[in-house]
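Input: a single structure, listed below in structure tokens.
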There are 2 protein chains.
Amino acid sequence: MQFEEAKNKFVQTWGALGSQWGINKTMAQIHALLMVSSESVSMEDIMQQLQISRGNASMNLRSLMDWGIVYKANKPGERKEFFIAEKDLDELATKIAKERSKREIKPALKVLKEVSVIEADGSKAAEHFIQQTQKLYDFVAKADEMIDRVTTYKDNWLGKLMMKILK
Amino acid sequence: MQFEEAKNKFVQTWGALGSQWGINKTMAQIHALLMVSSESVSMEDIMQQLQISRGNASMNLRSLMDWGIVYKANKPGERKEFFIAEKDLDELATKIAKERSKREIKPALKVLKEVSVIEADGSKAAEHFIQQTQKLYDFVAKADEMIDRVTTYKDNWLGKLMMKILK
DNA sequence: TAAAACTTTCAATTATTTTTGAAAGTTTAG
DNA sequence: CTAAACTTTCAAAAATAATTGAAAGTTTTA
């Protein structure tokens, strides 16, 4: 396999993986492309390499920047904007985890809390509902806290956590 | 908030959360409904409560069973099938993690390995590509192994892991 | 073994999400 | 100031994913 072929395969695979996790395919592809580019990349280049429209490129780059995993990088002397990806994988995982927590887990927890505090009406069904949603709340809250704890230190947290688990 | 209202809100929220993580909304809703039901539920009931077609219910129940998080439960004397969800949350998380690893992470790792072993052609771009995809492979492999390790013991693994991290 | 009681399948339809592209907006250079 | 170079926005179009419903399939009952 040659470099160009390998790069293309990587970008396609990353895009497909993104889709399966609820991330727009193009967004994941742009991210993949930037991840493996040693130099910063212009919007033109992204459009050309992924064969996508300007609007599409613009919007998905915006999203990636909102996630905090892609940055603008101005090249001296150049008018147009260039982009680079966060390449440190601990940092990348941390940012993704924090964003997903903020956008999805925290709001879900809020709802879980709300629905788990209804008055029991004596029925078995309501009783079970309260029990189960409370358990779910505790579980999700604990998982969320764990992710936060583990990624806050961030300095090679995955490796360190691995060490702890091995013991 | 009354029981019925709370239940509905929970089902809706779980469905929306599923969508954001690449899981079909109805599938997540059926799962939510079964999670908070104290008794096993028939297909009729699911169709009626979620206002969905028979085909939809059938296909998504099949998927949930393929994931190993919903089971058939025959009621004595009843002809039709009833369904129950895996309610143990450690077990649920374990099954989901294992399935996603098998279906998505493992194949992605395979591709990462493939593309990271191309011959360097001396260019900076190819050099960087190889470096970065190798790092990515290591990172993802480590994360995947960690999930496996942690969920294999499964007996309250989240709580135990939490303990380790606190120290 | 026939028909009733169910479940599954899948082509067609509908809903949702993504993408396009051109107009509007912004910044820089001269 | 104003034209060129570039980016953003967003309504419409295209692509993708989910859903329906009826026919086909299966199992149970009598």
Side-chain angles (χ1 to χ4, degrees), chain A residues 11-34 40-67 70-84 100 103-104, chain B residues 11-34 40-67 70-84 100 103-104:
Chain A
V11 168
Q12 290 305 121
T13 304
W14 212 239
L17 196 62
S19 294
Q20 293 178 305
W21 286 78
I23 288 146
N24 161 345
K25 187 182 67 172
T26 302
M27 182 169 154
Q29 286 180 340
I30 294 175
H31 182 244
L33 183 62
L34 294 178
S40 63
V41 184
S42 70
M43 202 150 92
E44 292 293 341
D45 278 349
I46 293 169
M47 287 164 59
Q48 195 265 311
Q49 293 203 50
L50 301 181
Q51 289 291 300
I52 57 172
S53 71
R54 188 172 294 285
N56 197 2
S58 176
M59 287 192 300
N60 284 114
L61 280 164
R62 156 71 36 223
S63 296
L64 285 164
M65 289 188 292
D66 290 346
W67 275 68
V70 161
Y71 317 114
K72 276 189 184 162
N74 281 23
K75 269 195 184 169
E78 288 268 23
R79 176 98 167 252
K80 61 171 163 258
E81 295 175 322
F82 291 78
F83 301 89
I84 52 170
R100 291 213 106 151
R103 297 177 191 214
E104 296 148 18
Chain B
V11 168
Q12 290 305 120
T13 304
W14 212 238
L17 196 63
S19 295
Q20 293 179 305
W21 287 78
I23 288 146
N24 163 342
K25 188 182 67 172
T26 302
M27 182 170 155
Q29 286 180 342
I30 294 176
H31 182 243
L33 183 61
L34 294 179
S40 62
V41 184
S42 70
M43 201 148 94
E44 292 293 341
D45 278 349
I46 292 169
M47 287 164 58
Q48 195 266 312
Q49 293 203 48
L50 302 181
Q51 289 291 299
I52 58 174
S53 70
R54 189 172 294 283
N56 197 2
S58 175
M59 288 192 300
N60 284 112
L61 280 165
R62 156 72 35 224
S63 297
L64 286 164
M65 287 188 293
D66 290 347
W67 277 67
V70 161
Y71 318 113
K72 276 189 184 162
N74 281 24
K75 269 196 184 169
E78 287 268 22
R79 176 100 167 248
K80 61 170 163 254
E81 296 175 321
F82 290 78
F83 300 89
I84 53 171
R100 291 214 106 152
R103 296 176 192 215
E104 296 148 18

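- Across the protein-nucleic acid pair, Gln51(A) atom CD and dG21(C) atom C1' stand 15 Å apart, rounded to whole Å.
- One atom, CG of Leu61(B), and another, C1' of dT19(D), lie 15 Å apart when rounded to the nearest Å.
- Rounded to whole Å, atom C1' of dT7(C) lies 13 Å from atom CD1 of Ile46(B).
- Here the closest heavy-atom approach between residue Ala57(B) and residue Met47(B) is recorded as CB-CG, 3.9 Å.
- Not one side-chain nitrogen or oxygen of Asn60(B) sits closer than 4.0 Å to the OP1 or OP2 atom of dA18(D).
- Of the listed nucleotides (dT7(D), dA18(D), dT7(C)), dA18(D) has the atom at the smallest distance from the side chain of Asn24(B).
- The side chain of Met59(A) sits closest to dT19(C) out of dC6(C), dT20(D), dT19(C).
- Distance CH2 (Trp21(A)) to P (dT17(C)): 19 Å, rounded to an integer number of Å.
- Minimum interatomic distance between Ser40(B) and Phe82(B) (heavy atoms only, all atoms of both residues): OG-CB, 3.3 Å.
- In this structure, the CG atom of Leu50(B) is 14 Å from the C1' atom of dA18(D), given to the nearest Å.
- Distances from the side chain of Ile52(B) to the nucleotides dT8(D), dT20(D), dT27(C) place dT20(D) closest.
- Counting to the nearest Å, the C1' atom of dT16(C) and the NZ atom of Lys25(A) are 16 Å from each other.
- For Ser53(A), the listed nucleotide lying nearest its side chain is dT20(C); candidates were dT20(D), dA4(C), dT20(C).
- For Thr26(A), no side-chain nitrogen or oxygen approaches OP1 or OP2 of dT18(C) to under 4.0 Å.
- Between Trp67(A) and Arg100(A) the shortest side-chain heavy-atom distance falls below 4.5 Å.
- For Ile23(B) and Glu81(A), each mapped to the nucleotide of DNA chain D holding its nearest heavy atom, the one lying further toward the 5' end belongs to Glu81(A).
- One interatomic measurement links the two molecules: CG of Leu64(A) to P of dT7(D), which rounds to 16 Å at whole-angstrom precision.
- Tyr71(B) has its side chain out of reach of Met65(B): every pair of non-hydrogen atoms, C-beta onward, lies at least 4.5 Å apart.
- Between the side chain of Gln51(A) and the main chain of Gln48(A), a donor-acceptor pair closer than 3.5 Å is present.
- At the phosphate of dG21(D), neither OP1 nor OP2 sits under 4.0 Å from any side-chain N or O atom of Asn56(B).
- One finds a side-chain N or O of Arg54(B) lying less than 4.0 angstrom from the OP1 or OP2 phosphate oxygen of dT7(C).
- Between the NZ atom of Lys80(A) and the P atom of dA29(C) there is a distance of 14 Å, given to the nearest Å.
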